[in-house]
Amino acid sequence: MPELAEVEYFRKRWNPGLGNRITEVESHPKARVFRGSHPKDLVATLTGSRLLASEAHGKQMLFRFDGATLGVHLGMTGELRCEGPKFVAGKHDHLVLWQKSRALVFSDPRLFGRLLFQPGAGDPDWWIDRAPGVLSKEFSLSAMAAFLQRRRRTAIKSILLMQETFPGVGNWMADEILWQARIDPATPGGKIEDVAGLRKTTRSVCRKALKIIGTDWSDPPTSWLFSHRWKEGGYCPRCGLELARDTIGGRTTCWCAHCQKG
DNA sequence: TCTCGTGTTTCTTG
DNA sequence: TCAAGAAACACGAG
């Protein structure tokens, strides 16, 4: 499920553990989610350490402990949750950080998610080098226009999914942005006339999604494409005509052929 | 039984 | 060398 807003929601689910010590670490060290890091070091270093803070950026999260950082990417089916002291890990619970009165759990059935552990006090390079957030000041019109020009032949739907420039935008958000901006998802990047308008809509969808979903997993209003896009046979909440569905850039894409023009 | 998927990386093709 | 598309990863839901 996780795009920017869902990631923020999941990040906060470990908040009850802030400031508290990890008494025990339970992990499935051979799980694919540990690729690229060393789960043995993770268990050794995190046991006895304290969870200090967390941040989300796009689809990435960083949890700071005294003496280490833990990066979490949820992939397609990852989730974080907080369980009580009697919790028993299931087969998809690949990491459990035990505290005195709770368990902080990472689970992911499909194993597309990833845990990046780094010992030491400093932030990892991949966190320092991240792309400017869509809602930040650095997400400028000129940078976005240059990027669309560089990808001038690629469908705008595919461009919006590129994390190097639109961190946190995922499949449903890309569809929502293009529907709200009334742009046909197959439009090549170089043919976007109102780049400023697209930028504004991108920021607005991200801001509102964070507020609505990021807070308590509420659904966006029914006036959005969001609740109409999931299955075949939905209708455009703006004009009432049947929505189109097709694969663009390898991903299921839903749009209104009447409202959205190239 | 079969298809599909709210993501990323790697391979292949142009 | 670069960009774009396809395949691969792995599992549960419908």
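Chain identifiers are assigned alphabetically (A, B, ...) following the order of the sequence lines, protein sequences preceding nucleic acid strands; residue numbering begins at 1 within each chain. Reckoned from all heavy atoms, side chains included, excluding hydrogens, waters and symmetry mates.
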Whole-angstrom distance between [N] and [M], as gauged at atom [atom1]:
N: C:dC9; M: B:dT1; atom1: C1'; answer: 22 Å
N: C:dA7; M: B:dT3; atom1: P; answer: 15 Å
N: B:dT8; M: C:dA13; atom1: P; answer: 22 Å

A:Phe112 stacking on C:dC9: centroids under 5.5 Å, ring planes under 30°? yes
For A:Thr247 and A:Arg114, take the nucleotide of DNA chain B holding the closest heavy atom to each; which residue's nucleotide lies nearer the 5' end?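 Residue closer to the 5' terminus by nearest nucleotide: A:Thr247.
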Can you tell me if [X] touches the phosphate of [N], counting only side-chain N or O atoms and a distance under 4.0 Å to OP1 or OP2?
X: A:His73; N: B:dT8; result: yes
X: A:His92; N: C:dG12; result: yes
X: A:Lys91; N: C:dC11; result: no
X: A:Arg150; N: C:dA3; result: yes

Whole-Å distance between [N] [atom2] and [X] [atom1]?
X: A:Arg32; N: B:dG7; atom1: CZ; atom2: P; answer: 15 Å
X: A:Arg35; N: B:dT8; atom1: CZ; atom2: P; answer: 11 Å
X: A:Lys30; N: C:dA10; atom1: NZ; atom2: C1'; answer: 18 Å
X: A:Met76; N: C:dA8; atom1: CE; atom2: P; answer: 16 Å
X: A:Phe10; N: B:dG7; atom1: CZ; atom2: C1'; answer: 14 Å
X: A:Ile248; N: B:dG7; atom1: CD1; atom2: P; answer: 15 Å
X: A:Asp93; N: C:dC11; atom1: CG; atom2: C1'; answer: 15 Å
X: A:Arg251; N: C:dA6; atom1: CZ; atom2: P; answer: 14 Å

Answer yes or no: is there an ion pair linking [X] with [Y], defined by an N-O contact shorter than 4.0 Å?
X: A:Asp184; Y: A:Lys261; value: no
X: A:Arg81; Y: A:Asp93; value: yes
X: A:Arg64; Y: A:Asp123; value: yes

CD of A:Glu242: more than 12 outside heavy atoms within 6.0 angstrom? yes
Side chain of [X] only, heavy atoms from C-beta on: which candidate in [options] is closest?
X: A:Leu111; options: B:dT8, C:dC11, C:dA4; value: C:dC11
X: A:Arg151; options: B:dG7, C:dC11, C:dA3; value: C:dA3
X: A:Thr252; options: B:dG5, C:dA4, C:dC11; value: B:dG5

Using a 4.0 Å heavy-atom cut-off across all strands, classify A:Ser158 as base, sugar-phosphate, or nothing.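 The answer is nothing, as A:Ser158 stays clear of every strand by at least 4.0 Å.
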With a 4.0 Å cut-off on heavy atoms, is A:Gly170 in touch with a base, just the backbone sugar-phosphate, or nothing at all? sugar-phosphate
Pairing donors with acceptors under 3.5 angstrom, does anything connect the side chains of A:Asp108 and A:Thr77?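 Side chains of A:Asp108 and A:Thr77: pair found under 3.5 Å.
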State, without any angle test, whether A:Trp127 and A:Gln118 hold a side-chain donor-acceptor pair at a distance under 3.5 Å.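 Their side chains do not contain a donor-acceptor pair, so the 3.5 Å distance test is not met.
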If pairing requires Watson-Crick or G-U wobble contacts with both distances under 3.5 Å, which nucleotide is the partner of C:dA10?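 Base partner found: none.
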Taking N and O atoms by type only, does the side chain of A:Arg110 place a donor or acceptor under 3.5 Å from a partner on the base of B:dG5?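 Check passes, donor-acceptor contact within cut-off.
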